[in-house]
Visitor: 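Quick one: the structure is below, questions incoming.
Note that ligands are numbered from 1 as they come in the structure, with each ligand's atoms numbered from 1 the same way. In this text, all values refer to a predicted model and were calculated from it rather than measured experimentally.
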Amino acid sequence: MKPKRPRNERTRLMLTLELAVVLPAAALVILSALHLKSIERDRGVQAAFQRDFTQVLAISEKQINQKAYELIDDVRDQFPASGPACAETMDRILATHPYVSHLFVYDPASGIVFRSQPGLSNSSASRSEHEYLSSMFSGWIQTEYGDMAKSLEELDKKGRRYPFSDWVPRGERHVYIAGQFFLTSGAGEKKAIAGMVFDADYLHDQFFPEMLNAVLSHQEEKGEKNRVAIMLRPKYDYTPLATSSGWDGGNPEVERNLEGAFQTLTLAIKLPGTTLAAMEQRFVRTSFLILGVISLLLTGGLILTHRNISREMALARLKSDFVSNVSHELRTPLSLIRLYAETLEMGRLKSEEKYQEYYCIIRKESERLTALINNILDFSRIEAGRKEYDFRETDMRELVHNTLDSYRFQIEQNGFAFEEKIADDVPPLRVDREAMARSLLNLVNNALKYSQDQKFIGVNLFRYNGSVKLEVVDHGIGIPNEEQHKIFEKFYRVGDPLVHNTKGSGLGLSLVRHIVQAHGGEVAVDSSPGRGSKFTITLPLNPKVNGHKVATA
Ligand code: ADP
């Protein structure tokens, strides 16, 4: 049951991660994708724009009518009662209102008076319009007077108007005119029917373009980001009569037939330089792209989190293994010491040699205990950032030789062939003696622990290319390639049953690496399973690197 625990914890953590992060994130991505799909299918973007456009056109129509009615009412207010003097007043109105091309009034008592702007009634080129309209209106009003007057009265009561529009000849051209009938006081008892006609050129060149552009600037003031263009055309003809700035031809997105002052015209709106369909396509494509990027980022984040959690869990597992390894390592020498001390205490041993042997065992076990505790203390200092080194000029040859000397007996007693090669030309180095000795002992101790049949330990010290190298060679169990970069990590032990049967804390090599790096050097391993390992400590000769290396690491 025991080894299952970490896997269960891992599964639980992964499940939590999936439930808490993956599921909501996946749901969000899927929902957004579905939403985008539905926008694409229902042409949602186009519909939203079309609603907006319809509103803009309604506002335009309202503004156009409002302005036209203001202009009409200005004329109407000044309009004279029909009678002999009215032609003069009408000419005055025409002179002060250049946007009006024709004025007329009909009263059954005094007949029709039809006045036009001088340019339209005098020049032969423009007279066609004057003649056409004067004959049309006089004929029309005279025959329809009764009905028209009645309708005008009723409309007046309801606050409504009686507009008209037409295409008329002006010289060579056909121009669009519009105007309005209204009632005014007549010479007799009956009311007179009067009317005003907007000047076609004024409408075409000034009024319509100004109104269309005014709507656009109103839109811009409102903060609408998308620029639009508007056009006005005759209801049954697609050639524009007037356009706002930015109109670049092409099919309009939304149209609206005008009601009110200009009944036979149609307003049209579009986006300059593009179409709603193209915009929608771009929007959907960009959104999908963004969604893709977000999904990628999410996946990346999840993979990273997954890796971090796995690493943390592995470390937690290593730590718990460490505690049990260390307890085990402490207990064995302690029980041996106790056992041998008790035996000695009883004084039943027969020979002096036996006594010596027991003393020796007690000493060695205490040494092992001390080494282990020193390792742990060093490790905890390093972890807390409190490890200090005492760098002194040291004869490396002497340091290595003396350190090995105190160990030689133990090595040989364990049946190892021991070879020590110390070159003569190794110069003194500035090192922390104790730390260096501990590194060497850790390596030799590992060589002892991880050798089975081929019992050999070799230690070489020599100068090499501006550095001093210290090698510890064994013919032991070796280390698999894929594990070699991990063995220097704290708590790490190779997952080999041979290793697990050997006592250890997983701290030795991490300490060695730390100590060597604090000396400005490096430690490397060269090993093949079943054939042995070679650990090499390389220390630079350069006294600067060594000398100035921080004392606290
Ligand atoms: P430990 O207390 O386990 O020996 P170390 O940090 O000294 O911890 O070593 C880490 C691991 O590296 C060991 O558990 C072992 O698997 C492997 N190792 C170290 N030295 C040798 C060696 N000379 N031969 C084979 N494996 C070794």
Side-chain angles (χ1 to χ4, degrees), residues 314-315 317-333 365 367-383 387 403-404 407 410-411 414-420 435-460 470-517 522-537:
L315 194 65
R317 204 162 47 244
L318 287 176
K319 274 184 184 166
S320 85
D321 287 353
F322 165 76
V323 172
S324 76
N325 286 339
V326 167
S327 322
H328 189 65
E329 269 218 75
L330 286 174
R331 211 175 38 211
T332 325
E365 290 305 318
E367 273 170 11
R368 244 178 72 188
L369 263 181
T370 317
L372 175 67
I373 287 166
N374 279 341
N375 266 357
I376 294 171
L377 282 178
D378 255 8
F379 174 76
S380 84
R381 277 193 212 110
I382 287 169
E383 283 287 284
K387 171 75 183 162
T403 312
L404 291 174
Y407 223 60
Q410 190 185 339
I411 296 171
N414 279 312
F416 276 80
F418 182 54
E419 195 178 275
E420 178 186 316
M436 263 304 142
R438 188 164 306 146
S439 302
L440 176 59
L441 281 186
N442 264 312
L443 294 182
V444 172
N445 200 19
N446 278 350
L448 267 176
K449 285 198 295 185
Y450 302 115
S451 293
Q452 283 192 309
D453 312 327
Q454 296 286 316
K455 299 195 169 191
F456 170 82
I457 295 180
V459 175
N460 309 320
L470 174 59
E471 292 176 349
V472 177
V473 186
D474 66 55
H475 295 169
I477 60 171
I479 303 155
N481 230 343
E482 64 280 8
E483 306 263 13
Q484 287 179 14
H485 67 282
K486 297 187 199 158
I487 54 172
F488 294 100
E489 286 168 15
K490 57 189 178 191
F491 308 128
Y492 193 81
R493 307 197 76 209
V494 174
D496 188 311
L498 277 175
V499 173
H500 273 275
N501 293 335
T502 317
K503 288 172 219 133
S505 58
L507 290 184
L509 287 180
S510 90
L511 275 179
V512 172
R513 184 171 66 171
H514 192 276
I515 291 168
V516 173
Q517 283 178 347
E522 265 314 324
V523 57
V525 63
D526 177 13
S527 176
S528 60
R531 303 184 59 186
S533 316
K534 179 167 86 180
F535 284 85
T536 310
I537 291 177

Visitor: Could you tell me which atoms of ligand 1, counted from 1 in the order shown, lie closer than 4.0 angstrom to a heavy atom of G506?
Guide: 1 (P), 2 (O), 3 (O), 6 (O), 8 (O)

Visitor: Just to confirm my output: which protein heavy-atom neighbour is closest to atom 23 (N) of ligand 1, and how far is it?
Guide: D474 OD2, 2.8 Å

Visitor: Is there a polar contact between ligand 1 and F535, counting only N or O atoms under 3.5 Å apart?
Guide: no

Visitor: Show me which atoms of ligand 1 lie under 4.0 Å from any heavy atom of Y492.
Guide: 10 (C), 11 (C)

Visitor: Keeping S451 on the side-chain end and L448 on the backbone end, is there a donor-acceptor pair under 3.5 Å?
Guide: no

Visitor: What is the minimum heavy-atom distance between I479 and P529, and which atoms define it?
Guide: O-CD, 3.7 Å

Visitor: So which heavy atom in the protein is nearest atom 12 (O) of ligand 1, and how far is it from that ligand atom?
Guide: I487 CG2, 3.4 Å

Visitor: What residue and heavy atom of the protein are closest to atom 3 (O) of ligand 1, and at what distance?
Guide: R493 NE, 2.5 Å

Visitor: Any side-chain heavy-atom pair from L507 and F491 closer than 4.5 angstrom?
Guide: yes

Visitor: Going by the order shown, which atoms of ligand 1 are within less than 4.0 Å of some heavy atom of G508?
Guide: 5 (P), 6 (O), 7 (O)

Visitor: Got the closest protein heavy atom to atom 2 (O) of ligand 1, with its distance?
Guide: S505 N, 2.7 Å

Visitor: For the aromatic rings, using the six-membered ring if either is Trp, is the centroid distance between Y407 and F416 under 6.0 Å?
Guide: no

Visitor: Check whether E471 reaches the backbone of K534 with its side chain - one donor and one acceptor, N or O, closer than 3.5 Å.
Guide: no

Visitor: To check you understand the geometry: which heavy-atom pair defines the closest contact between K490 and L315, and what is its length?
Guide: CE-CD1, 4.3 Å

Visitor: Please work out whether any backbone atom (N, CA, C, O) or any side-chain heavy atom from C-beta onward of K449 is under 4.0 Å from ligand 1, and answer side chain, backbone, both or neither.
Guide: side chain

Visitor: With side chains defined as the heavy atoms from C-beta onward, is the minimum distance between L470 and L443 less than 4.5 Å?
Guide: no

Visitor: For atom 21 (C) of ligand 1, what is the closest protein heavy atom, and at what distance to 0.1 Å?
Guide: Y450 CD1, 3.4 Å

Visitor: Who gets closest to atom 9 (O) of ligand 1 by heavy atom: V473, L509, I479?
Guide: L509

Visitor: Heavy-atom distances under 4.0 Å decide this one: backbone, side chain, both or neither, for L507 against ligand 1?
Guide: backbone

Visitor: To the nearest 0.1 Å, how far is atom 7 (O) of ligand 1 from its closest protein heavy atom, and which atom is that?
Guide: N446 ND2, 2.8 Å

Visitor: Out of curiosity, is G476 lining ligand 1, as in a heavy atom under 4.0 Å away?
Guide: no

Visitor: Does any non-hydrogen side-chain atom of F488 lie less than 4.5 Å from one of V512?
Guide: no

Visitor: So for ligand 1, is S510 a polar contact partner (N or O within less than 3.5 Å, distance only)?
Guide: no

Visitor: Does the side chain of E522 come within less than 4.5 Å of Q517's, by heavy atoms?
Guide: yes

Visitor: Would you say the side chain of L440 lies within less than 4.5 Å of the side chain of V459, judging by non-hydrogen atoms?
Guide: yes

